Protein chains: 2
Amino acid sequence: MLKLSKKADYALMALQHIASVQPGDVTPGRVVNTKEIAEEYNIPLELLAKVLQTLSKNGMIESHNGPKGGYLLARSARHITIAQILESIEGPLGLTDCSHERSGELCMQREHCNIRTPLLKIQDSIYQLLNNMTLQDMLSGTPLITIQSPSAEGVTR
Amino acid sequence: MLKLSKKADYALMALQHIASVQPGDVTPGRVVNTKEIAEEYNIPLELLAKVLQTLSKNGMIESHNGPKGGYLLARSARHITIAQILESIEGPLGLTDCSHERSGELCMQREHCNIRTPLLKIQDSIYQLLNNMTLQDMLSGTPLITIQSPSAEGVTR
DNA sequence: TTAAGTGCGACCGATACGATCGGAGATCAT
DNA sequence: ATGATCTCCGATCGTATCGGTCGCACTTAA
Ligand code: FES
Ligand code: FES
């Protein structure tokens, strides 16, 4: 359950890779082209290309055309969150179909719905989780995220 | 993204409903049959039936056959976690395909994979989140879950 | 014995996803 | 200027999954 798409996986791998060759915080670093990433991680080339395109369209990375072209981070890895990356590929986070309902449309009698509120809270928690973790955190390898819940059973920590 | 299936939604609604007619902690309460729930929440009857069957098979609820039959919680609402419910329906939590890889099978060169560890951490955090919230919490309406992350940008609270 | 109810398996249609192809633009080296 | 790369973009296709439906066997209270 809650599996995220292959495309999203690829996006994370690619960004992690691009970030890893971009040493400093501001250092432009070298450009990385699609084929390099695809071969490194055994990702189907054309599919990865598509993923990178959307990532670029969503302002995560910058593209440079022509020979010696390729991609590089649009901003510092410290300012790219996991949530941003995933939402670029898979669209907005939403546990249920009716999470982002505009005023008009209706779920099945929202009046009778008994799970909307709690689910939205869970959804929000997950979002915080993903949005508090940056690409930089993935690189340095110590996300170290903790959770607190009032429900007695302290499984955490 | 991260949308959970309709069946899972239905499971949550149904369990919430069953729990709501089972007042006390131990009180047996009255049995609830499929049709009652289906009509209350506009859920296709047969599909809901299937969901309830798997829930019963997974020990979330008890089934009683024959006329005046129906379902009731197998244990106190306080001891049924959201994670258990969802996993009963959608299978084990796993952000990537290779989350629960048994020893044998391989992802695409796990050696080169740069996102496995951080993703597993995120996955674990989400699991804690879901497993710390019980059906009882959904009933009383105050989950109140908070998250702490070391990444400076304190979006939370 | 009969009607109400669960249990179970097979089945279908739609949708989403992974994956592929073809070609148009852009850029750089020569 | 020319050609070789390489990114960009749209269209397309097969398949797996999911939502939803049927039909029938089994169990049990009245
Ligand atoms: S599932 Fe849509 S409002 Fe409850
Ligand atoms: S995606 Fe499977 S090991 Fe990284």
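Please read all numbers here as calculations on a predicted model, not as lab measurements. A note on names: the letters A, B, ... follow the listed sequences, proteins ahead of strands, and every chain is numbered from 1.
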Go through the structure and list residues passing side-chain hydrogen bond (donor to acceptor under 3.5 Å, both in side chains) with B:Glu62, not counting sequence neighbours. none
If the condition is side-chain hydrogen bond (donor to acceptor under 3.5 Å, both in side chains), which residues does A:Thr81 pass it with, not counting sequence neighbours? A:Asn131
Atom-to-atom span, CD of B:Glu62 to P of D:dT28 - whole angstrom: 13 Å
Between the CE atom in B:Met138 and the CG atom in B:Leu12, the distance rounded to the nearest 0.5 Å is 5.5 Å
Hydrophobic cluster identity match, B:Ile115 and A:Val21, side-chain contacts under 4.5 Å: yes
Could you pull out the closest heavy-atom pair between B:Leu130 and A:Ile122, with the gap in Å? CD2-CG2, 3.7 Å
Can I get a per-line list of side-chain donor-acceptor pairs under 3.5 Å for residues 85-97 of chain A, giving both atom names and the distance, sequence neighbours left out?
| unit_1 | atom_1 | unit_2 | atom_2 | d |
| --- | --- | --- | --- | --- |
| A:Glu87 | OE2 | A:Leu93 | N | 3.0 |
| A:Ser88 | OG | A:Gln84 | O | 2.8 |
| A:Glu90 | OE2 | A:Ser5 | N | 2.5 |
| A:Glu90 | OE2 | A:Ser5 | OG | 2.5 |
| A:Thr96 | OG1 | A:Cys98 | N | 3.1 |
| A:Thr96 | OG1 | A:Ser99 | N | 3.4 |
| A:Thr96 | OG1 | A:Ser99 | OG | 3.4 |
| A:Asp97 | OD1 | B:Lys3 | NZ | 3.1 |
| A:Asp97 | OD2 | B:Lys6 | NZ | 2.8 |

With A:Asn33, which residues qualify under side-chain hydrogen bond (donor to acceptor under 3.5 Å, both in side chains), at least two apart? none
Span of DNA chain C in contact with chain A (heavy atoms, under 4.0 Å): C:dG18 to C:dC28
Between N or O atoms, less than 3.5 Å apart, protein on one side and nucleotides 20-23 of chain D on the other: list the pairs.
| unit_1 | atom_1 | unit_2 | atom_2 | d |
| --- | --- | --- | --- | --- |
| D:dG20 | OP2 | B:Tyr10 | OH | 3.1 |

How many angstroms lie between CG in B:Leu129 and CE in B:Met133, if you round to the nearest 0.5 Å? 8.0 Å
Closest approach of A:Ala14 to A:Leu48 (non-hydrogen atoms, all atoms of both residues): CB-CD1, 4.1 Å
Atom pairs under 3.5 Å, N or O on each side, protein against nucleotides 2-7 of chain D: can you list them with distances?
| unit_1 | atom_1 | unit_2 | atom_2 | d |
| --- | --- | --- | --- | --- |
| D:dT7 | OP1 | A:Thr34 | N | 3.1 |
| D:dT7 | O4' | A:Asn65 | OD1 | 3.1 |
| D:dT7 | O3' | A:Asn65 | OD1 | 3.2 |

Within residues 43-56 of chain A or reaching into it, pairs that qualify as salt bridge (charged side-chain N to carboxylate O under 4.0 Å, His left out) - sequence neighbours excluded: none
